[in-house]
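Before any comments, here is the structure.
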Amino acid sequence: MLTKRPRGTNDFLPEDTAKWQYIEKLLREICRQFGYAELRTPIFEETALFLRGVGDTTDIVQKEMYTFEDTGGRSLTLRPENTASAVRAYVENKLFAGQQPVRLFYMGPMFRYERPQAGRFRQFHQFGVECFGPASPAADAEVIALAWEFYRRLGLKNLELNLNSVGCPNCRPAYRQALQDFLRPHLLELCPTCQERFEKNPLRILDCKNPQCQQFLQGAPTTLDALCDECHEHFEAVQSYLHAAAIPYRLNTKLVRGLDYYTNTAFEILLSDIGAQSAVCGGGRYNGLVEELGGKATPGVGFALGMERVFSALTAQKLALPEQPGLDVFVAVLDKQAQTMAFQLACNLRQSGLAAGYDTMERSLKAQFKYADSQRAAYTLLVGGEELTRDSVVLRDMQSSEQTEQSINEIVAILKEKLAK
RNA sequence: GUGGAUAUGGCGAAGCGGUUAACGCACCGGAUUGUGGCUCCGGCACGCAUGGGUUCGAUCCCCAUUAUCCACCCCA
């Protein structure tokens, strides 16, 4: 179907894009304040980057990637997320050689082949930040604070920050073992996916939603119990930073980032009023990722948030964004002879920095006024008729309906002054 | 990939075997000839997702397909 967009994609019409621009502007402003600069990476990358960077046991890699072969026989994949690309760019462009930390943000479309539902699309948009270099818990708290500040300024309520620590390569193997030992007696009673996870990725069993599996997890050891001294100290410090920033959170020992290169802090921001897909933000620390992708070992921490879900949240909580201003002035024509004059006037007004519209539909004067009204024009200029013989035009204030006759040579200056521009 | 619901004009929606396919919003035009927002009048679906079938006859019944929505898995 030629007039049907692909499944799971969206057209954002002018009404929508105005809102997107507002949100994007807010995010850019917050990033500026936090010292994060924009990174733009390709929409597609070598498939191998995601296999490695996202992890080949993840659902994303196993069933959700848009992978294709280009004419040169390369296997490429539309990015399903942007962290792997950011790490690749960090290493490839040798950002490690400059001043650390390297604070980056990105926003743009991501692609995952999934069944669409509320808050889930095949092409969706993420904003995210990555902070490379610092191992300090202050960096963990910094990125969380950045996300939190965004939601605070939007005025969203009922947000719940979930926090956990998944340890590091020193303490995780022991925990992994302890969890397996704990679950082994019930191994055959776990759901099929969890049975598979048992060997490959036992931590993921923790966040299985199957009630049966959750039952067997009662009393299971948590990652927090198993943290080594260093990880414990790190996690405590993150929490005290959050306290200092007055950011409320909830410890959630079931929250995991199952892959080996994810370390220490894991967090999610949840909002239940937007449907089943309630995570509006997810992130954590990945001290092993840069090395995994071929760079030298570099700590990192970051998060991503889903733009579409932000809009769902705004709608659910009935939060209206400021409206875009309408036209400063609409130039209406009385007769055909005035058309060129009107066009010229509109051009002059625009050159002076005003937003000016005029009639391109060759409509009646009445219809032109109606249009001016629909464009929320502050003023309408009426060009033509006997006024033109006096080198003047009619200026109508659309709010008060007051009309005056003005010299055509002074009208631009008059309007600029009235509109204070 | 699995399950459920839905599919009538630009949008919302009535009709549910035989109707000129309501109505509201939006849009367009007009209301004694140079003017908007209110009001009034008029216009706007040869067709009811697509393809089959049942029937004298189908938007309305049956089947398939596709799409949308919601949920599962999982994630932003």
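To find a chain, count down the sequence lines: A is the first, B the second, and so on, and within it residues start at 1. Bear in mind that the values here come from a model prediction, so they are computed numbers and not experimental data.
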- Task: Rounded to the nearest angstrom, tell me the gap between atom CD in A/Gln277 and atom P in B/rC72.
- Result: 6 Å
- Return the nearest nucleotide to the side chain of A/Leu334; candidates are B/rG34, B/rA71, B/rG36. B/rG34
- Please tell me which of A/Thr193 and A/Asn10 maps to the more 5' nucleotide of RNA chain B, matching each residue to the nucleotide holding its nearest heavy atom. A/Asn10
- Between A/Tyr358, A/Phe369, A/Tyr371, which is the residue that forms a ring-ring contact (aromatic ring centres under 6.0 Å, His included) with A/Phe330? A/Tyr371
- Message: Taking B/rG47 as the reference, what is the distance to B/rG52 when you measure between their P atoms (whole Å, please)?
- Response: 16 Å
- Note on the structure: note: A/Asp11, atom CG; B/rC11, atom P; distance rounded to Å ~ 13 Å
- Within this structure, what is the CD-to-P distance between A/Gln123 and B/rC75, rounded to whole angstrom? 21 Å
- Please state whether the phosphate of B/rA71, meaning OP1 or OP2, lies under 4.0 angstrom from any side-chain nitrogen or oxygen of A/Gln117. yes
- Quick one: A/Glu81 CD to B/rA76 C1', roughly how many Å, whole number? 11 Å
- Query: So among A/Leu419, A/Leu327, A/Val331, which one has a side chain to side chain contact (heavy atoms under 4.5 Å, CB included) with A/Tyr379?
  - Reply: A/Leu419
- Query: Is there a residue in residues 364-389 of chain A whose heavy atoms reach under 4.0 Å of RNA chain B, and which residues are they?
  - Reply: A/Ser364, A/Leu365, A/Lys366, A/Ala367, A/Phe369, A/Lys370, A/Asp373, A/Leu382, A/Glu386, A/Glu387
- Message: One pair to check against ring-ring contact (aromatic ring centres under 6.0 Å, His included): A/His125 and A/Tyr106. What are the steps and the verdict?
- Response: CA-CA 10 Å; A/His125 298 77; A/Tyr106 59 83; over 10 Å; no
- What interatomic distance, in whole Å, is found between P of B/rA21 and the corresponding atom of B/rG9? 15 Å
- Query: Should we say atom CZ of A/Arg122 is surrounded by more than 12 heavy atoms from elsewhere, each under 6.0 Å from it?
  - Reply: yes
- Task: Pick base, sugar-phosphate or nothing for A/Gln62, based on heavy-atom distances below 4.0 Å to the nucleic acid.
- Result: nothing
- Message: Looking only at side-chain N and O atoms, does A/Asn82 offer a donor or acceptor that is under 3.5 Å from a partner on A/Thr41?
- Response: yes
- Item | Contact under 4.0 Å: A/Gln126 side-chain N or O vs B/rC75 OP1/OP2 | no
- Message: Check this one for me: any side-chain N or O of A/Gln403 less than 4.0 Å away from OP1 or OP2 of B/rU35?
- Response: no
- Remember a base hit wins even if backbone is also touched, and classify A/Val310 as base, sugar-phosphate or nothing at under 4.0 Å, heavy atoms. nothing
- Query: Salt-bridged, A/Arg376 to A/Glu323, with N to O below 4.0 Å?
  - Reply: yes
- Note on the structure: Out of B/rU2, B/rC70, B/rU68, minimum distance to the side chain of A/Arg115 belongs to B/rU2
- Query: Does anything in residues 26-35 of chain A reach RNA chain B, meaning a heavy atom under 4.0 Å, and if so which residues?
  - Reply: none
- Query: So does A/Glu15 have more than 12 non-hydrogen atoms from other groups sitting under 6.0 Å from CD?
  - Reply: no
- Message: Assess whether a salt bridge exists between A/Arg184 and A/Asp181, defined as any Lys/Arg side-chain N lying under 4.0 Å from an Asp/Glu carboxylate O.
- Response: yes
- Relative to the 5' end of RNA chain B, which residue comes earlier, A/Gly8 or A/Glu64, by the nucleotide with the nearest heavy atom? A/Gly8
- Query: Mind checking the P distance from B/rC56 to B/rG15? Whole angstroms is fine.
  - Reply: 28 Å
- Note on the structure: Between the CG atom in A/Asp225 and the OG1 atom in A/Thr222, the distance rounded to the nearest 0.5 Å is 3.0 Å
- For A/Ile274 and B/rA76, what is the distance between atoms CD1 and P respectively, to the nearest whole Å? 13 Å
- Message: For a stem of at least 3 consecutive Watson-Crick or G-U pairs with distances under 3.5 Å, i pairing with j, i+1 with j-1 and so on, which stems involve RNA chain B?
- Response: B:1-7 with B:66-72, B:10-12 with B:23-25, B:27-31 with B:39-43, B:49-53 with B:61-65
- Taking only N and O in the side chain of A/Arg112, is any of them less than 4.0 Å away from OP1 or OP2 of B/rC75? no
- Query: Using 4.0 Å as the upper bound for N to carboxylate O, is an ion pair formed by A/Glu46 and A/Arg74?
  - Reply: no
- Looking only at B/rU68, B/rC75, B/rC70, the nucleotide nearest the A/Arg309 side chain is B/rC75
- Query: So, A/Arg153 and A/Glu149, do they make that salt bridge, N to O below 4.0 Å?
  - Reply: yes
- Item | Euclidean distance, atom NZ of residue A/Lys4 to atom P of B/rU65 [Å, nearest integer] | 19 Å
- Message: Just the rounded figure in Å: distance from C1' of B/rC75 to OH of A/Tyr262.
- Response: 12 Å
- Nearest listed nucleotide, side chain of A/Arg7, among B/rU68, B/rC75, B/rG1: B/rU68
- Any side-chain donor paired with an acceptor under 3.5 Å for A/Tyr286 and A/Glu292? no
- Query: Without hydrogens or angle criteria, can the side chains of A/Tyr66 and A/Gln123 be said to hold a donor-acceptor pair below 3.5 Å?
  - Reply: no
- Interatomic distance where CE belongs to A/Met307 and C1' belongs to B/rC75 [whole Å]: 18 Å
